[in-house]
Every structure is written in structure tokens, then in C-alpha cells.
Amino acid sequence: MTTIKLHNTKTRKREDFVPIDPKNVRMYLCGPTVYDRAHLGNARPVLVFDVLNRLLRHVYGEEHVTYVRNFTDVDDRINETAQKRKAAGAEGTLEELIHERSNETIHWYHEDMDALGARRPDHEPRATEYIAQMIAMIEDLIAKDHAYAAEGHVLFAVDSWKEHYGSLSGRSVDDMIAGARVEVAPYKRNPMDFVMWKPSPDDLPGWDSPWGKGRPGWHIECSAMAKELLGEQFDIHGGGNDLMFPHHENEIAQSCCANDTDTMANYWLHNEMLQVEGKKMSKSLGNFFTVRDLLDQGVPGEVIRFVMLSTHYRKPMDWTEKKREEAEKTLRLWNDPDVVGFVTAHDKKPDRDVVEPLLNDLNIHGAIAELHKMYKEERFEQLIRSATFLGLPAGNGEFFMRLKALEQTQNWHEAGEELKFYAGKLNELRGEAMQTKDFSAVDSFRKMLLDAGVEVKITKAGAEAIPTSDYDHSKLEPLE
RNA sequence: GGCGAGUUGGCGGAGUGGUUACGCAGCGGAUUGCAAAUCCGUGUACAGGAGUUCGAUUCUCCUACUCGCCUCCA
């Protein structure tokens, strides 16, 4: 049996992955809060766990994996947009406008992640559809003295689980209190107690509960949805490492106390953060951008995917222009119909050489290195199958043409036709020059083409003129 | 201050207790009127110090530096 090794945050060690039930391997990933377009950093966990999802299905069978990724659609930023729209005269109730904003954002999210080649999870629960389960869980926690209601809030009492709380992130309750810089709400018994339910302001919608009209805290959402869809205990829980504390820590506390278990998930996987040109992506630094921004700039989703997968998930990854270029170059080679052929892989079974590195804590870059070898050794059939498995394009002539078209003019075919005449002229001049040994006319003609942003290739078959992204028709001198 | 991750050749980026990463760039060659493109070949590395070991880039400890989290940001 093939064994997958994964670095478990819980133990800080690389461990053999042993599923609870090989017939149903269960994985939960914390999904986005749907208040706006996904930024580039949001794409990292999606792609990392997309590969893990593919790998699990490869090892355990397509039908033996359940992958859940939630949508958090309870959020002040969603409400804000809805309120603004209402103030601007939009039709419908505030509730409707809020729902509309969530729907809109979820639609964008799907569009963008689809473009990156991420397979959709089996379930994509929305928090607002699981309020009843959350309330039930909270009631249960109160009954078990792990939580208490105060001033319309319900808080989890960390002291009731003091010996376990903090074990994932390696902190103790006492340490955390010592280092805490947050202002403590007066109704908290312990400064580290966190909110599971809070009252809704009068001007915002909420749900009826035993503690009055209100809404759930962020952490209880994941606990409730994971339990409902994956059971009290499941195999893998993932997310960005910024979620390790407090989000995941709180999930564990809620779930274990409510379910009377000592474990929520057996394996916790956390991806490192994304940086842009060496710095953290932030609006103030001006290096903040969304996946959509890149796609609109003409960066193919496949290229974004390739760059993202090139760095191991537990290392900080830097998005740079140079990487984008290299990725594009590589994918161009792998998809050149003249070299690789023009094939669609029906069989998505990856080669053993590509699976091997993946088994070792998702060494995706190692797998990509194998793809390079396959290309070099002209094992194109393997290349196509294996790349397809990783969600990367290979042997896809359509993609190749798309890349070409992108880096060339807005109307590549038109320019190509036009340039045929120039290529012909160049051939003519060369033919003459071969006789006279005077190449000055050839060189100056070629320089004119280069200045106009035309790439000139000379092969045995003759000269070829190809427009580049700098192609400027007006710089071409008319042919007599 | 607390917790965690990282530090590999010009750049990106894997991996290993003793052996080739891989890609890009560079260099040499083939090809070419000269180039470009392409093909072939090729050099350079494991932050610093101490320890364990027959032997460490790989294990342990210390130091330095970088980054993240501790603020419902993946």
C-alpha cells in the first residue's frame, strides 16, 4: 500500500498518514470569508489542498475521499457593502442585499479558482445554512460547563479545558494572558475566552437563539460544519498558518468539548504565507492584488498555478514577475504542438515518478522536476498524463496558442499574415546576399523588423517573422 | 515579550548521514553569412560556531539574520 507522509502541525513531525476509514478519507479546509474578490494569497491553500485532494483520490480511490471547504458568509464587511448599496437606493431588504453580496462573491470565487485549475470540493457549506447546528453545539457546551452566557454573548471558557487549550500552537493559557495586548471585555471570565455567539445590532439581521437575536462567532462555524459533514473526528484539517491561532485552536476546543473526544482532526496541515516581491502583500504597500487582477492582466490561470505549486507549501512563497515569466516559458515548451504533439489526456493517471515526491509531504516541486525530465527525455505521453494529474497543462495546443496570442498582438493572425510578406522579402534579400556576400541590406532590413517588435527566426526552411508583444505596425517601412 | 517557520550555487528551488536534484541565467561547442531560436556539454552551494559520528549540508545545542502569528487576514 502506498503511504503518504505529511507534516503534522500537531506533532511538528512528518508522519505516515493513516486514515480513520480508507473507504472515506475526510478533509476539511477553512475557506474564504466571502466579502470581496479573493486576493492572491487566498489561492495558496486552495491550490495546495487541491493537489492533496488529487493525491488522496489517486491513492484511496476517486470515490473514497470527502473534501469540504466552507464559505463564511457572516461578516461585517459583507454587511457594510449591503448597507451601502441599500443607502444608494438598491432594491430589496437588507437581508436580501446581504445574501446577494455573498452570492456574488461566491460566484467570483468559483470563477477565479476554476481558472487556477482547482477542483471543486465535494461540499462547500455556507455558514448561514448551519446556524441551527451551531446553536445546538453551543447549548451543548453550556450544558457541559465549557461555555457561559453573558450580556447576550456566549463565550467559551478556556479554563474548563485549560490543560489542552493551546496545544496546537504550542502556547499555554497562562503564556497567552501574559502576552495579550487586547483589551479585555468586562464580561469575560478569562481574558482568553472567545465568543461563540454575539448579539446583532438592531440595524443588522440576526438569528433567534436562546440568548436573543444574534449571530455566530467565526470559530463555531467551522466546528459545526465539519461535524455535520465529516463527523466528530476526521482525518485532515488544513488552512493558512495564520489561522493556527486562534481559529484552529478554538475549533479544537469547541469540537472536542462538545463531542467528548480528545481529537478533532488527526492531521493538521498549515501552509505558509505568500509574499509579493519579497514583502507581505498589503494594501498600504501597494502590492496587493487579486487573482482576478492577474487574470485580467493576461496572466493565464495555469501560469499562476505553476508558480504557486513551485514552492513547498510550508515555506514562505514569493510572487515575482521573474517567476511568472519562467513559468510561462516552461508551459510554452510543454504545450508546443510541434514538439509534444496535440493531445488531450483522457487517462489522468500520473506516472509513478511524479507520485513519489508527492507522497513525501507534498513535494510538488520535486514532482515538477520529474516533468522537466520527461520533457527532456521526450517521454511526452507520461508528461501529459502526469501534468494533467497535477492540474497543469501539457500537450494542450489550445493553451499554447493562447499563450502565444497573449504575448503577441491583440490580433495575432492578422499581424502574422501581414508579416509573411516581410519574411518573404527577407528571404529574397538573403538569397541575393548569399551570392554577393554583401549582407548589409539583409542586416538593415532585419534591424527594421526587430525595431518594430518582430522576432526574426532563420531556419533551414527560410526566414520567419513573428510579432512580439512590442509589435508596432507603424514602424514597418512599406514594401515596394 | 511569547509561539512558530525558515536560512542551500548568480537567481529560483528540492533532497540526502558518505553518491546527480531540477529550472533559469552563465560559460564551451554544434548550427548560422552574423545573430536569434534550437540541440549537446559544463562550473559554482549547503548562514556561523560547538557537539555526536569512521564520516554531517543532512542529527543535537548555541548564535546571527529573515519571515509569520499573538488584532475574526489564507
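So that the names make sense, note that chain A is the first sequence line, chain B the second, and so on, each numbered from 1.
Counting to the nearest Å, the P atom of U7(B) and the NE2 atom of His312(A) are 11 Å from each other. Rounded to whole angstrom, the span from the NZ atom of Lys13(A) across to the C1' atom of A5(B) amounts to 16 Å. When the P atom of G6(B) is taken as reference, atom OH of Tyr313(A) falls 11 Å away, rounded to whole Å. Counting to the nearest Å, the P atom of A74(B) and the CH2 atom of Trp218(A) are 7 Å from each other. Distance Asp353(A) CG to C22(B) P: 14 Å, rounded to the nearest Å. The nearest whole Å value for the distance from the CE atom in Met374(A) to the C1' atom in G23(B) is 16 Å. Between the CD1 atom of Ile364(A) and the P atom of C22(B) there is a distance of 20 Å, rounded to whole Å. Distance CG (Leu168(A)) to P (G4(B)): 12 Å, rounded to an integer number of Å.
Using P as the reference atom, A25(B) and U31(B) are 22 Å apart when rounded to the nearest Å. A5(B) and C61(B) have their P atoms separated by 12 Å, given to the nearest Å. Going from the C1' atom of G13(B) to that of G6(B) covers 14 Å, rounded to whole Å. When the C1' atom is used for both G43(B) and A74(B), the distance is 41 Å, rounded to whole Å. Straight-line distance between the P atoms of G12(B) and U19(B): roughly 25 Å, to the nearest whole Å. Taking the P atoms as reference points, U58(B) lies 24 Å from C67(B), given to the whole Å. Distance check on atom P: G68(B) versus U63(B) gives 22 Å, rounded to whole Å. Only the C1' atoms considered, A21(B) is 12 Å distant from U8(B), to the nearest whole Å.
With a cut-off of 3.5 Å on both pairing distances, C73(B) has no Watson-Crick or G-U wobble partner at all. As the counterpart of A36(B), no nucleotide is assigned, since no Watson-Crick or G-U wobble pattern has both distances under 3.5 Å. If you check U16(B) for Watson-Crick or wobble pairing at under 3.5 angstrom, you find it has no partner at all. With a cut-off of 3.5 Å on both pairing distances, the Watson-Crick or G-U wobble partner of A50(B) is U60(B). Nucleotide G68(B): paired with C3(B) (Watson-Crick or G-U wobble, both distances less than 3.5 Å). Figure legend. G23(B) is base-paired to C11(B); pairs are counted as Watson-Crick or G-U wobble with both atom distances under 3.5 Å. Across the strands present, A45(B) finds no partner; the criterion is a Watson-Crick or G-U wobble pair with both atom distances under 3.5 angstrom.
Taking 3.5 Å as the limit, the base of A74(B) and the side chain of His39(A) contain a donor-acceptor pair of atoms between them. Judged by distance alone with a 3.5 Å cut-off, a donor-acceptor contact links the side chain of Asp443(A) to the base of G33(B). For C34(B), its base never sits under 3.5 Å from the side chain of Arg430(A) at any donor and acceptor pair.
By the 4.0 Å N-to-carboxylate-O rule, Asp50(A) lies too far from Arg119(A) to be salt-bridged with it. Note on Arg126(A) versus Asp73(A): salt bridge recorded, some NZ/NE/NH1/NH2 to OD/OE distance being below 4.0 Å. Using a 4.0 Å cut-off between charged side-chain N and carboxylate O, Lys329(A) and Glu326(A) make no salt bridge. Salt-bridge annotation for Asp353(A) and Lys373(A): absent, with no side-chain N of the basic residue lying under 4.0 Å from a carboxylate O of the acidic one.
Between Lys323(A) and G23(B) there is no side-chain N or O to OP1 or OP2 distance below 4.0 Å. Look at Lys329(A) and you won't find any side-chain N or O under 4.0 angstrom from OP1 or OP2 of G12(B). The side chain of Lys447(A) contributes no N or O atom lying less than 4.0 Å from OP1 or OP2 of A35(B). Checking the phosphate oxygens (OP1, OP2) of C73(B), a side-chain nitrogen or oxygen of Arg77(A) falls inside 4.0 Å.
Base contact: Val442(A) has a heavy atom under 4.0 Å from a base atom. Within the 4.0 angstrom heavy-atom criterion, base atoms lie near Gly41(A). Heavy atoms of Met273(A) sit under 4.0 angstrom from at least one base atom. Nucleic acid contact class of His365(A) (heavy atoms, under 4.0 Å, all strands): base. Across all strands, Arg446(A) comes closer than 4.0 Å to base atoms (heavy-atom distances). Residue contacts shown for Phe439(A) include a base, since a base heavy atom lies under 4.0 Å away.
Considering only side-chain atoms of Arg314(A), the nucleotide from G6(B), C22(B), A74(B) that sits closest is G6(B). The nucleotide whose nearest atom lies closest to any side-chain atom of Lys322(A) is, among C22(B), A14(B), C11(B), C11(B). The side chain of Asn360(A) lies closest to G15(B) when the candidates are G15(B), C22(B), C73(B). For Met434(A), the side-chain atoms get nearest to G33(B) when compared with the rest of C73(B), G15(B), G33(B).
Geometrically, Arg77(A) engages Tyr35(A) in a cation-pi contact defined by less than 6.0 Å to the ring centre and at most 45° from the axis.
The ring pair (Phe, Tyr, Trp, His ring centres under 6.0 Å) with His247(A) is formed by just one residue from the set Trp268(A), Phe194(A), Trp218(A); it is Trp218(A). Shown are His248(A), His270(A), Glu249(A); of these, the side-chain hydrogen bond (donor to acceptor under 3.5 Å, both in side chains) with Ser169(A) is made only by Glu249(A).
Atom CG in Asn190(A) sits 10.5 Å away from atom CG in Leu155(A) (nearest 0.5 Å).
Where Asn271(A) and Arg12(A) meet RNA chain B, the nucleotide closest to each residue was compared, and Arg12(A) sits on the side nearer the 5' end. For Ser169(A) and Lys376(A), each mapped to the nucleotide of RNA chain B holding its nearest heavy atom, the one lying further toward the 5' end belongs to Ser169(A).
Under the 6.0 Å cut-off for aromatic ring centres, Tyr313(A) and His7(A) do not qualify, their centroids lying 6.0 Å or more apart.
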